[in-house]
Amino acid sequence: MTTRTEARRREAEQTTTIITQSAKTQHGSERSPGVLIALDIDGTITASGSLDVPSETAAAVAVVRAAGHHVVLASGRSLAGIMPVARALDLRTGWVIASNGAVIARLEPGQSGYDFDAGTDVQTLDARLVITAALNGRLPGLQIAVEEIGVGYYVDAVFPTGLLPGEQTVLPVHELQALASPRIVLRAPGVHTLINPLRAVGLTATPADVDWLDVTAGGLSKATALEAVRRRLRVEPANTVAVGDSVNDIEALTWAARGVAMGDAPEHVRAAADEVTGRLHEHGVVGVLRSIRVAR
């Protein structure tokens, strides 16, 4: 018996072109004829932490948007880190997903370039729960950053330049514990030993580097936020594409009808995808974008 995953892989081998589906559901409600294209940033569009978007990628994004498709940036970055990339891609309208799915923002003209409903688009977590679990780990050199949406971070000690976008405001730990935030960063050698304790208290702990953990509320991922955006855009589930390269992209790659891993991605990330494209320096994401047809 052919499994759904096997069928999807065979289809991906036969063609790398997305052909859009019917614009109506069985109930007759209008559906968008376009494809929702979810793009990771670090390691997919840019080098990690970079704001430099290759001209080839910007041009390919412009073409698919002109063809009627929806490009959604989906990143572990905060909004402060996403917005410069959105502007470089000339994304002035549409949606972005920040903080590994904890924040959904609507792009629009204006000073900030975005808006969101704090009641429905932001999923916060209890900083006290996170920080208590982290301190119990007794890791030497532990640093804590509590995200402030669109501004920067409240930190217990200043992080090295380039690691956190936006402003850094130093606060004592007891004040950090009183904050509500969509994401908390924990940084220290051996910080991955905190993954199980954090998950045991119902939190989502995602490794972003050997000394870095992103912590969000339980049950969140890029995929949960992408599904919310898909429903708002009224895109058919079959018309979804996701491209990424890291652990925090796995849920998105399996959520999408066509999940594409970058050639640089670790083996377990590539195994979760339906296909693998070129590496970052080969502009692998451009090939994926060029394979998507005009919406109809």
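Side-chain atoms are counted along with the backbone in the values below, which use heavy atoms only and exclude waters and symmetry mates. Keep in mind it's a predicted model, so treat the numbers as computed, not measured.
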Leu163 and Arg187: side chain to side chain contact (heavy atoms under 4.5 Å, CB included), yes or no, with the steps?
CA-CA 11 Å; Leu163 291 185; Arg187 177 175 180 262; 3.6 Å; yes
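- Gln143 places a side-chain N or O within donor-acceptor distance of the main-chain N or O of Val158, the cut-off being under 3.5 Å.
- Side-chain contact between Asn239 and His69 is absent, with no heavy-atom pair separated by less than 4.5 Å.
- No continuous path of ILVMFWY side-chain contacts below 4.5 Å connects Val286 to Val63, so the two sit in separate hydrophobic clusters.
- Closest approach of Leu280 and Thr46 over heavy atoms only: CD2-O, 3.7 Å.
- The line from OG1 of Thr132 to CG of Asp126 is 8.0 Å long, rounded to the nearest 0.5 Å.
- Two residues are said to be in side-chain contact when any heavy atoms from C-beta on lie closer than 4.5 Å; Pro237 and Arg230 meet this criterion.
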Does the pair Lys222 and Glu251 meet the rule for a salt bridge (Lys or Arg N to Asp or Glu O under 4.0 Å), with working shown?
CA-CA 7 Å; Lys222 292 183 183 182; Glu251 291 89 348; over 6 Å; no
Might you work through the side chain to side chain contact (heavy atoms under 4.5 Å, CB included) test for Tyr114 and Ile82, ending with a clear yes or no?
CA-CA 11 Å; Tyr114 63 84; Ile82 287 178; over 6 Å; no
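- When all heavy atoms of Ala105 and Phe116 are compared, the closest pair comes out as CA-CB, 4.2 Å.
- When side chains are defined from C-beta on, Leu179 does not count as touching Glu148, because their heavy atoms never get closer than 4.5 Å.
- Atom-to-atom distance recorded for Ile184:CD1 and Leu129:CG is 9.0 Å, nearest 0.5 angstrom.
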Check step by step if side chain to side chain contact (heavy atoms under 4.5 Å, CB included) holds for Val53 and Val61.
CA-CA 11 Å; Val53 175; Val61 165; over 6 Å; no
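- By the 4.0 Å N-to-carboxylate-O rule, Arg279 lies close enough to Asp264 to be salt-bridged with it.
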Step by step, work out the side chain to side chain contact (heavy atoms under 4.5 Å, CB included) result for Met262 and Thr277.
CA-CA 5 Å; Met262 295 292 290; Thr277 187; 3.8 Å; yes
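- Distance CD1/Ile45 to CG/Leu51: 12.0 Å, rounded to 0.5 Å.
- The line from CG of Asp249 to CG of Asp40 is 4.0 Å long, rounded to the nearest 0.5 Å.
- For the residue pair Val191 and Val210, the shortest heavy atom distance occurs at CG1-O, 4.3 Å.
- Side-chain heavy atoms closer than 4.5 Å link hydrophobic residues (I, L, V, M, F, W, Y) into clusters, and following such links, even through other members, never connects Leu164 to Tyr154.
- Distance check: Asp117 CG to Ile104 CD1 gives 10.5 Å after rounding to the nearest 0.5 Å.
- Val185 and Val201 fall into different hydrophobic clusters, where Ile, Leu, Val, Met, Phe, Trp and Tyr are joined by side-chain heavy atoms under 4.5 Å apart, directly or via other members.
- Taking each heavy atom of Ala256 and Asp274 in turn, the nearest pair found is O-OD2, 4.3 Å.
- Taking both residues in full, the closest heavy atoms of Asp245 and Asp42 are given as OD1-O, 2.9 Å, listed atom of the first, atom of the second, then distance.
- Residues Leu107 and Val122 share a hydrophobic cluster, clusters being chains of Ile/Leu/Val/Met/Phe/Trp/Tyr side chains in contact below 4.5 Å.
- Within the 4.5 Å cutoff, side-chain heavy atoms of Arg258 are placed close to those of Ile292.
- Separation of atoms CG (Leu226) and CD1 (Ile97) is listed at 3.5 Å; rounding is to 0.5 Å.
- With hydrogens and angles disregarded, a donor-acceptor distance shorter than 3.5 Å links the side chain of Arg270 to the backbone of Ala265.
- Residue Glu108 places its CD atom among more than 12 non-hydrogen atoms of other residues, nucleotides or ligands, all under 6.0 Å distant.
- Side-chain atoms of Val130 and Leu186, non-hydrogen and from C-beta on, do get closer than 4.5 Å to each other.
- Ala223 and Trp255 get closest at one heavy-atom pair: CB-CB, 3.8 Å.
- No path of Ile, Leu, Val, Met, Phe, Trp and Tyr side chains, each step under 4.5 Å between heavy atoms, connects Val215 with Trp212, placing them in separate hydrophobic clusters.
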